Amino acid sequence: MTLDVSSAILQRRATKHFDAAHIMPEKDLETILGLARRMPTAFNIQNWRFVALKDPELRKRVRAVSWDQAQVTDASALIVLCADIKAWEKSPERYWENAPDAVREYMVGAIDQYYRGREQVQRDEGMRSCGMAAAAIMLVAESLGYGTCPMDGFDFDAVGKLINLPEDHEIVMFVAIGKAASAPKPSGGALPVSEIMIENRF
């Protein structure tokens with residue numbers, strides 16, 4: 001697979017209409033999620049969780065609490081990105097199992113010092129991690145010829161119940177992936193670089 005990042009970024013639009021008959025080969029989903037899991041996370045805590053909704057009946061129930069958006073059932077794959085808010089304290093030595101003992105001991109201590117008692121930081125970290133992973137999922141999928149749609153138009157609590165979300169996890173967003181049934185709408189336009197690129201200070 002050759003990943004043309006520039007093309008994937010410039011051509012990506014939110015696909016609203018997917019070919020419901022298309023079946024994604026399992027190897028494509030493995031490639032997409034396999035690369036997404038290589039995205040950076042602070043202290044390498046790998047605090048994203050990718051819930052692939054494959055059960056058609058479950059997808060229908062999720063659609064019912066997602067403003068009846070067709071992407072939920074019609075996309076070839078629907079990924080619910082969740083943040084494991086407490087990943088930092090779950091056997092953190094495993095995040096550095098390949099490092100020398102001294103490095104591993106240092107990092108485990110640093111993880112504890114940075115996150116313990118800082119609930120907002122723990123949550124923010126999960127949001128950042130899932131955001132980077134979602135971008136990777138979309139760009140890799142686009143490079144494989146799929147359309148994608150990031151989604152947050154759903155009842156987060158209701159979806160959490162449907163997927164048995166653990167208490168120490170939070171849903172961040174969906175990413176729908178599949179073959180477009182119709183061309184996405186054109187880009188609304190990008191702001192000029194002069195408006196979004198700041199040198200040194202505002």
Side-chain angles (χ1 to χ4, degrees), residues 1-42 44-63 66 69-84 87 90-91 94-98 126-154 159-160 162-166 169-185:
M1 179 190 70
T2 300
L3 180 59
D4 183 350
V5 177
S6 296
S7 178
I9 291 173
L10 292 173
Q11 294 179 18
R12 202 212 72 77
R13 301 288 179 269
T15 298
K16 301 295 185 179
H17 304 286
F18 289 98
D19 177 359
H22 180 266
I23 298 174
M24 177 186 290
E26 190 64 28
K27 66 178 179 58
D28 284 357
L29 185 59
E30 290 174 358
T31 295
I32 292 166
L33 297 183
L35 290 174
R37 65 185 283 268
R38 305 304 297 184
M39 288 300 97
T41 56
N44 198 39
I45 61 174
Q46 303 167 62
N47 49 343
W48 12 243
R49 300 293 178 263
F50 309 134
V51 183
L53 300 191
K54 297 183 178 183
D55 180 346
E57 289 304 314
L58 177 58
R59 294 265 290 265
K60 288 178 183 177
R61 295 177 69 188
V62 171
R63 176 172 173 170
S66 302
Q69 294 182 85
Q71 305 97 298
V72 172
T73 53
D74 293 354
S76 302
L78 183 69
I79 310 301
V80 183
L81 283 92
C82 304
D84 181 350
K90 296 175 180 176
S91 303
R94 63 199 172 113
Y95 307 134
W96 293 91
E97 64 181 1
N98 295 329
M127 300 299 120
R128 281 189 285 271
S129 297
C130 285
M132 287 188 280
I137 287 170
M138 289 186 285
L139 294 180
V140 174
E142 294 279 340
S143 77
L144 293 175
Y146 292 101
T148 61
C149 185
M151 303 176 67
D152 66 355
F154 55 88
V159 172
L162 288 170
I163 67 171
N164 298 327
L165 186 74
H169 287 50
E170 284 199 36
I171 294 174
V172 178
M173 62 191 297
F174 295 170
V175 176
I177 310 167
K179 293 293 183 179
S182 60
K185 293 180 180 178

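Bear in mind that the values here come from a model prediction, so they are computed numbers and not experimental data.
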Asker: What distance separates Glu142 CD from Ile32 CD1, expressed to the nearest 0.5 Å?
Answerer: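 If we round to the nearest 0.5 Å, Glu142:CD and Ile32:CD1 are 10.0 Å apart.
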Asker: How many angstroms lie between atom CD1 of Ile163 and atom NE2 of His169, to the nearest 0.5 angstrom?
Answerer: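 It comes to 9.0 Å.
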Asker: How many angstroms lie between CZ in Arg13 and SG in Cys149, if you round to the nearest 0.5 Å?
Answerer: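 Those atoms lie 13.0 Å apart.
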Asker: Under the rule for side-chain contact (heavy atoms from CB on, under 4.5 Å), what residues qualify as partners of Ala42, not counting sequence neighbours?
Answerer: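 Scan of Ala42 (side-chain contact (heavy atoms from CB on, under 4.5 Å), adjacent residues dropped) gives Tyr115, Glu125.
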Asker: For the residue pair Val159 and Ile171, establish whether any side-chain heavy-atom pair is separated by less than 4.5 Å.
Answerer: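 Result yes, sub-4.5 Å side-chain heavy-atom pair found.
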Asker: Is the shortest side-chain heavy-atom distance between Met151 and Val175 below 4.5 Å?
Answerer: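 Met151 vs Val175: side chains apart.
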Asker: Any donor-acceptor pair under 3.5 Å linking the side-chain atoms of Thr15 with those of Gln71?
Answerer: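 Distance-only check fails for Gln71 and Thr15.
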Asker: Could you label the plane-to-plane angle of the Phe154 and Phe174 rings as parallel, tilted or perpendicular, counting under 30° as parallel and over 60° as perpendicular?
Answerer: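 Judged by the thresholds at 30° and 60°, the geometry between Phe154 and Phe174 is parallel.
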Asker: Begin with the C-alpha distance, continue with both residues' side-chain angles, and end with the deciding distance and a verdict on side-chain contact (heavy atoms from CB on, under 4.5 Å) for Leu29 and Ile79.
Answerer: CA-CA 10 Å; Leu29 185 59; Ile79 310 301; 4.0 Å; yes
Asker: Using every non-hydrogen atom in the two residues, find where Ser76 and Lys179 come nearest and quote the distance to one decimal.
Answerer: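 For Ser76 versus Lys179, the nearest heavy atoms are OG-N, 4.2 Å.
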Asker: If you take all heavy atoms of Leu165 and Glu170, which pair is closest and at what distance?
Answerer: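 What the structure gives for the nearest pair is CD2-CA, 4.2 Å.
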Asker: Any side-chain donor-acceptor pair under 3.5 Å between Thr73 and Arg63?
Answerer: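 Side chains of Thr73 and Arg63: pair found under 3.5 Å.
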Asker: Which salt bridge (Lys or Arg N to Asp or Glu O under 4.0 Å) pairs, counting each pair once, include a residue from residues 15-37, with sequence neighbours left out?
Answerer: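 Passing the test, one end in residues 15-37: Glu26-Lys54.
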Asker: Shortest non-hydrogen contact from Pro150 to Met173?
Answerer: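 Closest heavy-atom pair between Pro150 and Met173: CB-CE, 3.6 Å.
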Asker: For the backbone of Leu162 and the side chain of Arg61, can you confirm whether one donor and one acceptor N or O come within less than 3.5 Å of each other?
Answerer: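 Here the side-chain-to-backbone pair does not exist.
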Asker: For the pair Thr148 and Ile137, evaluate side-chain contact (heavy atoms from CB on, under 4.5 Å) and give the outcome as yes or no after the intermediate values.
Answerer: CA-CA 9 Å; Thr148 61; Ile137 287 170; 5.8 Å; no
Asker: Shortest non-hydrogen contact from Ala176 to Ala75?
Answerer: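 What the structure gives for the nearest pair is CB-CB, 3.8 Å.
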Asker: Count the heavy atoms of every other residue, nucleotide or ligand shown that sit under 6.0 Å from CG of Asp55, and state whether that count exceeds 12.
Answerer: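 Yes.
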Asker: Under a 4.5 Å cut-off applied to non-hydrogen side-chain atoms, are Val172 and Met127 in contact?
Answerer: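 They are in side-chain contact.
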Asker: So which heavy atom on Lys90 is nearest to which on Tyr95, and how close?
Answerer: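 Nearest pair, atom of Lys90 first, then Tyr95: O-OH, 3.6 Å.
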Asker: Looking at side-chain heavy atoms only, is the closest gap between Leu78 and Arg59 below 4.5 Å?
Answerer: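 A side-chain contact under 4.5 Å exists here.
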Asker: Which atom pairs, donor and acceptor, lie under 3.5 Å between side-chain atoms of residues 45-52 and protein residues at least two apart or in another chain?
Answerer:
| residue | atom | partner | partner atom | Å |
| --- | --- | --- | --- | --- |
| Gln46 | NE2 | Asn44 | O | 3.2 |
| Asn47 | OD1 | Ser129 | OG | 2.7 |
| Arg49 | NH1 | Gln46 | O | 2.6 |
| Arg49 | NH2 | Asp84 | OD2 | 3.2 |

Asker: Can you see which heavy atom on Ile177 is nearest to which on Phe18, and at what distance?
Answerer: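 What the structure gives for the nearest pair is C-CE2, 3.8 Å.
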